[in-house]
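Quick one: the structure is below, questions incoming.
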Amino acid sequence: MRVHNFSAGPAQLPLPVLEQAASEFTDWRSSGMSVLEVSHRGKDFVECAADAEATLRRLAGVPDSYKVLFLQGGATGQFAAIPQNLTQRGDSFAAILTGQWSKKAVKESERQGVTGTIVSDQAESGYATTPAEGSFEVPADAKYLYYCANETIGGVAMPFVPTAEAGDVPIVADVSSMYLSRPIDVEKFGVVYGGAQKNLGPAGLDVTIVREDLLGSARPDTPSIWDWKVMADKDSMLNTPPTFSIYLFGLILHWIEDQGGLEAMGRRNDAKAARLYDAVDASSFYTNPVEKRSRSAMNVPFTLADPELDKDFLAGAEAAGLKNLKGHRSVGGMRASIYNAMTDDGITALIEYMAEFERTRA
Ligand SMILES: *Cc1c(COP(=O)(O)O)cnc(C)c1O
């Protein structure tokens, strides 16, 4: 029996994708081997990786002037790779702080001998807001403007891409927890990147999309596997890539295409999120702290009026097949992560459980 898994990551994957992977697991492409056992340099796997890239380019409309890189080390690896590829020691970058992931990224970047100029910090609201358009300025000498498009822990999404504020400064965005959840205008960015385990597949794979003119100025001491130019020149196969993760990512991409592509995905995700937020807002027992314009369609944190009931709420949810609703350890309460693979039935089951719990326990 499959449960409804609201984990923030690694997260629920589409059942048809899991079933396909299972059906061809021990004999992939009539090779007599699983995809886990074939050479990454063999024709079958090279084709598989090329197909994943081509499908991503088609789905997200990635222009030819951008490279797609399959990297390891997760999004956290890129926190350090970004300054290594885009700055020299002593340079500065600009950053918008909207929550824990942008803060972590800035901190890790600063270990590389660069200074992050914070152009907007939403600390005052407890990171329940995002900056208004035009409310901040980006220094022209910043090597890039950094932000997190969807703060997974706080459930806060940037409602706009700050192209006007950035001017000629390239924008670098962490899209880990909203990757391919809706259309994306890649051309507005210098770099978009994210770990796969939220919305794109299994852990072990980071997908970085980088504008070509930003390649080739990495610091000389950048490890080769994090030098975007080296990896681009080697089709992300300088060393052994995470083959199973790339294979499964490819299956997910075809599943998204089958769902109607990113426009359809975005409409479905908005509808799922709206139903859940409406249920929270209509209740006097559940609360979401995020200002409406900045609410995430992917991660929906909510608290109970009486935190003493948290444990019972979670135990009842588990028993009803609603898993991993506990909020991040740093904020408490609940969090429902409702990525692409979360079904309408999952949302309905959660809303019904919440209503029943409120009726009988509040
Ligand atoms: C999960 C997450 C990360 C960290 O990803 P890892 O792959 O574990 O390094 C970074 N940024 C955001 C927004 C995330 O949701």
Side-chain angles (χ1 to χ4, degrees), residues 5-13 69-85 93 95-112 116 122 127-128 130 144-159 161-162 171-182 184 189 191-209 223 225-226 231 236 241-242 244-246 248-249 252 269 273 290 294-301 324 326-331 335-342:
N5 179 4
F6 295 91
S7 169
Q12 177 169 304
L13 294 172
L69 306 178
F70 297 149
L71 305 172
Q72 299 186 64
T76 304
Q78 296 302 296
F79 292 174
I82 290 161
Q84 285 181 339
N85 279 275
F93 66 99
I96 301 169
L97 298 186
T98 48
Q100 295 197 32
W101 284 115
S102 44
K103 287 204 305 199
K104 262 194 193 160
V106 167
K107 215 167 151 197
E108 182 70 13
S109 304
E110 288 187 326
R111 299 185 66 207
Q112 308 298 322
Q122 302 299 301
Y127 296 104
T130 56
Y144 57 91
L145 169 63
Y146 185 90
Y147 77 101
C148 177
N150 188 80
E151 289 279 0
T152 320
I153 295 169
V156 170
M158 270 287 280
V161 181
I171 298 175
V172 177
D174 175 358
V175 299
S176 294
S177 49
M178 60 161 294
Y179 228 157
L180 306 188
S181 65
R182 59 186 60 254
I184 177 169
F189 300 89
V191 182
V192 261
Y193 76 99
Q197 72 275 20
K198 312 287 162 65
N199 223 0
L200 305 183
L205 173 67
D206 161 273
V207 181
T208 291
I209 303 173
I225 59 159
W226 281 347
M231 289 306 262
S236 303
F244 187 77
S245 296
I246 292 171
L248 212 99
F249 172 51
I252 299 269
N269 284 328
V290 180
S294 305
R295 281 176 166 181
S296 166
M298 298 279 99
N299 310 98
V300 182
N324 293 317
K326 196 171 195 284
H328 191 269
R329 58 189 182 279
S330 63
V331 291
R335 171 179 52 174
S337 294
I338 51 172
Y339 300 119
N340 287 352
M342 179 51 62

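Just so it is clear, the values below take in all heavy atoms, side chains as well, and ignore hydrogens, waters and symmetry mates. Order of listing sets the numbers, starting from 1, for every ligand and every atom in it.
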Check your understanding: Do the rings of Tyr193 and Tyr146 sit parallel, tilted or perpendicular, given the 30° and 60° boundaries?
Key -> tilted
Review point. Taking atom CG of Asn269 and atom CG of Asn199, what is their separation to the nearest 0.5 Å?
Key: 7.0 Å
Point to revise | Heavy-atom check, side chain of Phe6 versus side chain of Gln12, under 4.5 Å | key: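 Not in contact.
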Practice item. Could you tell me which atoms of ligand 1, counted from 1 in the order shown, lie closer than 4.0 angstrom to a heavy atom of Gly74? Key: 7 (O), 9 (O)
Review point. Are side-chain heavy atoms of Pro241 and Phe70 found at a separation under 4.5 Å?
Key: no
Practice item. Would you check if Ser296 and Met178 make a side-chain contact, meaning some heavy-atom pair closer than 4.5 Å? Key: no
Review point. What's the verdict on side chain to side chain donor-acceptor pair (under 3.5 Å) for Glu151 and Ser102, showing C-alpha distance, side-chain angles and the deciding distance?
Key: CA-CA 8 Å; Glu151 289 279 0; Ser102 44; 2.6 Å; yes
Point to revise | Nearest protein heavy atom with distance in Å, relative to atom 11 (N) of ligand 1 | key: Asp174 OD2, 2.6 Å
Exercise for review: Using non-hydrogen atoms of the residue, decide whether Asn150 is closer than 4.0 angstrom to ligand 1.
Suggested key: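 Yes.
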Check your understanding: Does some non-hydrogen atom of Gly9 fall short of 4.0 Å from ligand 1?
Key ->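 Flag not set, Gly9 not near ligand 1.
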Review point. Would you say Tyr144 and Phe189 make side-chain contact, with heavy atoms under 4.5 Å?
Key: no
Review point. Are Ile82 and Gln112 side-chain neighbours, meaning at least one heavy-atom pair lies under 4.5 Å?
Key: no
Review point. Who's closest to atom 8 (O) of ligand 1 heavy-atom-wise, of Glu151, Met298, Gln197?
Key: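 The residue whose heavy atom sits nearest atom 8 (O) of ligand 1 is Gln197.
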Review point. Looking at atom 5 (O) of ligand 1, what's its closest protein heavy atom, distance included?
Key: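 Minimum-distance protein heavy atom for atom 5 (O) of ligand 1 reads Ala75 CB, 3.5 Å.
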Practice item. Check ligand 1 against Phe79 and write out every atom of the ligand that is under 4.0 Å from a heavy-atom position of the residue. Key: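 Taking each heavy atom of Phe79 in turn, ligand 1 has 10 (C) under 4.0 Å.
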Exercise for review: Just let me know how Tyr179 lines up against ligand 1, side chain, backbone, both or neither, with a heavy-atom cut-off below 4.0 Å.
Suggested key: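 Tyr179 to ligand 1: no contact under 4.0 Å from either part.
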Check your understanding: Which residue and non-hydrogen atom of the protein lie closest to atom 9 (O) of ligand 1, and at what distance in Å?
Key -> Thr76 OG1, 2.5 Å
Check your understanding: Hey, is Ala203 touching ligand 1 through its side chain, its backbone, both or neither, going by heavy atoms under 4.0 Å?
Key -> neither
Exercise for review: Could you list the atoms of ligand 1 found under 4.0 angstrom from a heavy atom of Cys148?
Suggested key: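 Those qualifying, in numeric order: 13 (C).
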Revision key, fill the gap. Of all protein heavy atoms, the one nearest atom 2 (C) of ligand 1 is Lys198 NZ, 2.5 Å
Check your understanding: So do the side chains of Pro162 and Leu145 get within less than 4.5 Å of each other, counting heavy atoms only?
Key -> yes
Check your understanding: Is the shortest N/O to N/O distance between Thr152 and ligand 1 below 3.5 Å?
Key -> yes
